[in-house]
Amino acid sequence: MINAISSLDSAGLAAEMRKASAVDKSAPAADPQQAGATFADFMSNLGTSFVDNLKTAEKTSMNGVMGKASAREVVESVMTADQTLQTAIAFRDKIVSAYLEVVKMPI
């Protein structure tokens, strides 16, 4: 993927970005009832991906200790786990902040 990105010139990169952000006007608007995914499903998938990232980092770290993984692989997995943990903490802080604001509302 890095090779594919580095091979693009600035005009090609701009075209790819426009293509990725373009909205298909001919497609019908999404009906929330037919979307199929709920907020609970989203949160469940998010939590699962967080846990999977952390487990992968732990497994790669153990493989690095045993000499089965390179230092680069260990660093990449630990950095991914750190980013996942920071995201989870920020998400938790936002939820707690929103909850506290709702609790402060007059009835």
Side-chain angles (χ1 to χ4, degrees):
M1 179 168 161
I2 292 174
N3 293 336
I5 292 173
S6 64
S7 67
L8 289 175
D9 60 353
S10 61
L13 183 58
E16 287 295 321
M17 289 176 66
R18 280 192 300 276
K19 184 170 53 170
S21 64
V23 176
D24 185 8
K25 306 256 191 253
S26 64
D31 183 14
Q33 297 297 327
Q34 296 177 354
T38 64
F39 184 70
D41 293 337
F42 171 75
M43 294 303 295
S44 176
N45 291 339
L46 185 65
T48 302
S49 69
F50 282 174
V51 170
D52 290 344
N53 282 344
L54 296 174
K55 284 182 180 180
T56 301
E58 183 178 4
K59 184 177 179 181
T60 305
S61 296
M62 290 305 296
N63 285 340
V65 168
M66 293 187 285
K68 297 179 182 177
S70 68
R72 182 188 58 79
E73 293 171 336
V74 172
V75 169
E76 284 179 356
S77 66
V78 169
M79 294 299 289
T80 301
D82 182 51
Q83 184 178 11
T84 300
L85 184 61
Q86 294 300 323
T87 302
I89 290 170
F91 194 73
R92 181 211 54 198
D93 291 346
K94 289 290 184 180
I95 290 173
V96 169
S97 175
Y99 173 77
L100 291 175
E101 291 215 10
V102 168
V103 169
K104 290 178 187 177
M105 288 182 181
I107 298 177

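Heavy atoms only: backbone and side chains are in, while hydrogens, waters and symmetry mates are out.
- Closest approach of Ala81 to Ala57, counting heavy atoms only: CB-CB, 3.4 Å.
- Here the options are Met79, Glu73, Arg72, the test is side chain to side chain contact (heavy atoms under 4.5 Å, CB included), and the partner is Val75; only Met79 passes.
- In the hydrophobic cluster analysis, where Ile, Leu, Val, Met, Phe, Trp and Tyr join through side-chain heavy atoms closer than 4.5 angstrom, Val102 is grouped apart from Tyr99.
- Using a distance-only test at 3.5 Å, with no hydrogens or angles considered, no donor-acceptor pair links the side chain of Ser44 to the main chain of Ala40.
- Here the side chain of Thr56 pairs a donor or acceptor atom with the backbone of Asp52 at under 3.5 angstrom.
- The shortest heavy-atom contact between Gly64 and Val74 is CA-CG2, 3.7 Å.
- Side-chain contact check for Asp41 and Thr38: at least one donor-acceptor pair (N or O, by modelled atom type) lies under 3.5 Å.
- In this structure, the side chains of Glu58 and Leu54 stay at 4.5 Å or more apart for every pair of heavy atoms.
- Here Phe42 sits in one hydrophobic cluster together with Phe39, Met43, Leu46, Phe50, Phe91, Ile95; the rule is ILVMFWY side chains under 4.5 Å apart, joined directly or through other members.
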